[in-house]
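A short write-up of the structure that comes next.
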Amino acid sequence: MSFSAEVKAELTRIEIEKNCCMLAQLSAVLRMNGDLVIRRGNFGINFITENAALARQVLKLLKQQFKVSTEVVVTRSRRLKKNNRYQVRILPAAEVLPVVNSLRLLPGDDGRLENDLLLSPCCRRCFLRGVFMASGSVNKPEGDYHLEIITSNKNFADTILRVMKYFDLPVKLTDRKNEYIIYLKGGDYIINFLSVIGAHNALLKFENVRVVKQMRNQVNRLVNCETANLDKTVQAALRQVESINFLKSKEQYWCELTVALREAAELRLAYPDSTLSELVELNDSNISKSGLNHRLKKIERLAIELGMERK
Ligand SMILES: [Zn+2]
C-alpha cells in the first residue's frame, strides 16, 4: 500500500463527532470527486472514487445527514492495474436541492464556503481531510517531501489554498493542463498538515522515517569528513617519513639538524601511523602539537631544498 493510501485509510476510520464537521467533510469530498446531474428539473449527485472505504463513508454520512435515496454501482475496470470504481449516486429528486444547498455544491458557492460551512476551525480541518481523501497524495517519507491536492476548479483551488494558509501551511499553487495543483514541500509542514487533518499514525510513521533519514545523513557526513581527515593524516605522515629517510640518507645534513628537529624526526619514524596528537602524547618532552607540526614541516622543506623528489 502506498503511503498516500495508508494516510487515506486512516482518515476514513476517523469518527466525525459534530454535524458541522460532517457537512464540511462531505462538502469537500463531493466537490472534489462529485458531479451534479439534473434530470426533469431535479438535482442528483454522482460521486466516483476508487477508494471503497471512502465510498462507504460518503454513503454513511449522506444517510446520517439527509433523507435521500442512493444507489451504489461498482464498475470493474478492464484495464490492468486499474482499481474498481465505486459510484455513489444520489438519485435526482426534489429532496436533493436542500442537500446541494447545505453542502454548497453549486458552482457559485466556492467563494462563500469560509463564511458559513467553514466558520469553525473544527470544520476547516474536516474540510481539508475530505479534500485530501478525495484528491490528495503525499510521497512516502523515504522520498522527497511533497504533498499535493489536485482540482480542476480554480475557485475551489483558491479556497483550499486559503484554508491551508489559515493553518500556517506555506502552500503553493500551480496549474497544468486544466488542473490546479496545490502543493506543500518540507517535512515539517507535511507533518503539520497530517496533524491538522488528524492522520496521527501516519504522522508518527513519517516522523520516525524522517528521524532515521536525518541521522543517516548526519552519520554519512561525519564518516565522509573523518575519511577525508584520515586520508590527510596518512598522506602527511607518509611525506614526513619519506623526507626523514631522505635526510638520513644524506648523513652530513642529518648531523647538522638541530636536536629538536632530530627528536621530532625520530618520533615520527618510531610511530609512522600515529596522528600528531598521538605523537605529542607519546613524546616525553613538553612539545605542543603545533610545535611538533612546525618541526615536521621544516624537515619536509629541508628535504625538498636538498633535492628530494616527491614521489
Ligand atoms: Zn465543525
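Residues take their numbers from the sequence shown, with the count starting at 1. Computed from heavy atoms alone, side chains included, the values below leave out hydrogens, waters and symmetry copies. Remember, it's 1-based here, ligands and their atoms both numbered in the order they're listed.
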Please collect all salt bridge (Lys or Arg N to Asp or Glu O under 4.0 Å) contacts where either partner lies in residues 258-280, sequence neighbours excluded, each pair once. K248-E266
Under 2.8 Å from the Zn ion (ligand 1), the protein N, O or S atoms, given as residue and atom: C20 SG, C21 SG, C122 SG, C123 SG
A24 versus L118, closest heavy-atom pair with distance: CB-CD2, 3.9 Å
Would the F206 and Y145 ring centres measure less than 6.0 Å apart? yes
When you measure from the side chain of S102 to the backbone of P98, do you find a donor-acceptor pair of N or O atoms at a distance under 3.5 Å? yes
When the aromatic ring centroids of F127 and F167 are compared, is their separation below 6.0 Å? no
Working to the nearest 0.5 Å, report the span between NZ of K213 and CZ of R216. 8.5 Å
